[in-house]
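Atoms within each ligand, like the ligands themselves, are counted from 1 in listed order. Note: hydrogens, waters and symmetry copies are ignored here, and every other heavy atom, side chains too, is used.
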Amino acid sequence: MKNFKDKILEKLIMSEGKPVSGEELAHEFSVSRSAIWKHIRALRDEGYSIDSSTNIGYSLTGTPDSLTPGGIKAGLKTNIIGKNIQYFKETESTNIIAREMAGSVEEGTVVIAESQTGGRGRLGRKWLSPEGGIWLSIILKPGIQPLYAPRITLMAGVSAAKAIRSLGLPAKIKWPNDILINGKKVCGILTEIEAEIDMIEYCVVGIGIDANVDTESFPEEIRDNSTSLKKELGHEINRVDFVQKLLSEFEALYLKFQKDEFPSILEEWRTMSATIGEWVKITTQSKTIYGEAIGVDNEGALILETDEGKLEKIVAGNCEHLRKP
Ligand code: BTN
């Protein structure tokens with residue numbers, strides 16, 4: 001549900017700089033003009049520049065570079081994903097918040113933060129999350145068996161790659177779901193589930209994108225293998241537009257997923273794969289395997305052909321691309 005502040009903001013954004021009278025707003029939302037004035041003040045406090053002139057009304061003259069729900073929802077064309085957005089200027093991890101609230105909110109709720117103090121990556125790693133990035137978690141209740149959870153992860157990777165490609169960048173997917181541009185990582189995805197033996201109760205898909213981030217300030221061990229949208233494009237992106245695009249791509253794929261059209265999503269994954277055809281080193285909890293990545297199966301497991309010509313199926317693990325011998 002949008003609150004009045006979000007509705008007023010949406011109206012101002014949609015009127016594209018033309019003034020909207022306080023009386024019209026008060027009438028449309030059945031509140032007093034002083035209530036409208038209170039929300040305008042709150043929007044200004046969030047960084048929106050709003051001109052007001054007596055007898056003419058309010059006009060939006062500038063938006064902040066922030067990911068507040070009102071800005072994202074205005075113009076967002078989804079029906080499920082992002083209908084409810086929980087915003088934090090700073091939080092430990094949007095995945096943690098999403099897991100805490102998953103039981104009591106509707107499917108498609110998005111938790112988003114400007115920065116994270118304890119961002120979580122795959123395989124227990126830390127995830128650096130400074131301001132300027134896009135750090136969000138989507139809560140899903142897909143009604144599927146835990147066995148199929150990797151499908152959601154692959155789907156999320158396809159949605160992120162498509163959103164990045166829409167900026168004109170050659171995004172590819174490294175198995176299972178790192179998004180790379182010219183071989184460097186720009187986005188990571190962490191999917192966490194809460195499940196009974198035979199049914200997922202909820203699934204939290206955490207997506208982290210180095211958008212307007214300076215990767216030069218990253219620690220040495222990740223700096224050389226990381227990039228950002230800003231660095232690749234040579235300019236900052238509009239993060240609100242990008243999040244809207246990402247949520248739309250995500251919803252379109254999720255609707256396909258729910259209609260049992262996962263094979264077509266997997267086909268898209270394959271066409272964007274950076275891993276298939278590469279020599280790789282896979283590290284799982286129990287072993288390290290080298291081989292050529294020759295495909296993914298219907299559940300998204302990586303199929304490797306080892307030096308001895310043996311086929312190995314990898315369900316989860318860390319994947320490193322190697323130079324061909
Ligand atoms: C990876 O290791 O590649 C996955 C990184 C996932 C990071 C995102 S940022 C939003 C969400 N909140 C977290 O704490 N992690 C995920």
Side-chain angles (χ1 to χ4, degrees), residues 67 69 72 81-82 85-102 108-140 149-150 152-161 163-164 171-181 183-194 202-213 215 218-219 221-229 239 242-243 246-247 250 269 273-275 280 282-285 300 302 316-321:
L67 297 170
I72 295 173
I81 309 295
I85 299 180
Q86 300 294 321
Y87 171 80
F88 296 83
K89 184 103 190 61
E90 181 180 274
T91 187
E92 184 183 354
S93 154
T94 55
N95 265 36
I96 295 179
I97 303 275
R99 293 190 70 152
E100 279 167 8
M101 62 172 59
T109 295
V110 171
V111 182
I112 193 161
E114 300 289 353
S115 67
Q116 298 183 120
T117 53
R120 292 160 51 174
R122 287 179 63 235
L123 309 168
R125 295 184 185 128
K126 289 197 178 113
W127 181 261
L128 266 183
S129 321
E131 278 187 23
I134 294 168
W135 324 120
L136 62 83
S137 303
I138 303 171
I139 297 170
L140 299 177
I152 302 264
T153 300
L154 294 189
M155 182 196 85
V158 174
S159 72
I164 293 172
K172 292 201 156 208
I173 311 173
K174 178 161 86 83
W175 184 86
N177 54 10
D178 284 351
I179 312 300
L180 310 181
I181 301 175
K184 296 191 173 194
K185 181 161 170 172
V186 70
C187 164
I189 295 167
L190 173 66
T191 306
E192 298 183 279
I193 60 167
E194 189 65 42
Y202 65 78
C203 179
V204 167
V205 183
I207 305 180
I209 300 173
D210 291 318
N212 299 333
V213 165
T215 46
F218 281 7
E221 59 278 16
I222 54 170
R223 193 187 309 149
D224 288 348
N225 295 322
S226 309
T227 191
S228 68
L229 299 178
R239 291 184 307 147
F242 185 84
V243 169
L246 175 65
L247 299 183
F250 192 97
W269 189 95
S273 168
T275 301
V280 295
I282 302 290
T283 318
T284 70
Q285 271 177 346
L302 189 67
N318 186 48
C319 168
E320 258 179 76
H321 289 178

Exercise for review: Could you give me the CA-CA distance, side-chain angles and deciding distance for L246 and I209, then say whether side-chain contact (heavy atoms from CB on, under 4.5 Å) is met?
Suggested key: CA-CA 11 Å; L246 175 65; I209 300 173; 4.1 Å; yes

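- A donor-acceptor contact closer than 3.5 angstrom links the side chains of N95 and S137.
- Here the closest heavy-atom approach between residue L247 and residue G82 is recorded as CD1-CA, 4.3 Å.
- Scanning all heavy atoms of the two residues, the minimum distance from G157 to N177 falls at CA-CB, 4.3 Å.
- Between T275 and W175, the shortest heavy-atom contact is OG1-N, 2.8 Å.
- For atom 5 (C) of ligand 1, the nearest non-hydrogen atom of the protein is W127 CE3, 3.4 Å.
- Annotation for Q116 and S93: closest pair OE1-CA, 3.3 Å, computed over non-hydrogen atoms.
- Using a 4.0 Å cut-off between charged side-chain N and carboxylate O, R239 and E114 make a salt bridge.
- Of all heavy-atom pairs spanning G208 and W127, the tightest one is O-CZ2, 3.7 Å.
- Of all atoms in ligand 1, listed by their number and element, those nearer than 4.0 Å to a heavy atom of S137 are 11 (C).
- Residue G119 approaches ligand 1 through these ligand atoms, each under 4.0 Å from one of its heavy atoms: 14 (O).
- Among protein heavy atoms, atom 3 (O) of ligand 1 sits closest to K185 NZ, 2.6 Å.
- At a 4.0 Å cut-off, not a single heavy atom of S129 sits close enough to ligand 1 to count as contact.
- The protein heavy-atom contact nearest to atom 2 (O) of ligand 1 is R122 N, 2.7 Å.
- At a heavy-atom distance under 4.0 Å, only side-chain atoms of Q116, from C-beta outward, approach ligand 1.
- By the criterion of a heavy-atom distance under 4.0 Å, neither the backbone nor the side chain of I96 is placed next to ligand 1.
- Protein heavy atom closest to atom 15 (N) of ligand 1, with residue, atom name and distance, is R120 O, 2.8 Å.
- Each of the atoms 3 (O) of ligand 1 lies under 4.0 Å from some heavy atom of D178.
- Under 4.0 angstrom from ligand 1, the non-hydrogen atoms of I189 all belong to its backbone.
- Of all protein heavy atoms, the one lying nearest to atom 8 (C) of ligand 1 is G208 N, 3.6 Å.
- In this structure, R120 contributes its side chain and T94 its backbone to no donor-acceptor pair below 3.5 Å.
- Nearest non-hydrogen protein atom to atom 10 (C) of ligand 1 is T94 OG1, 3.3 Å.
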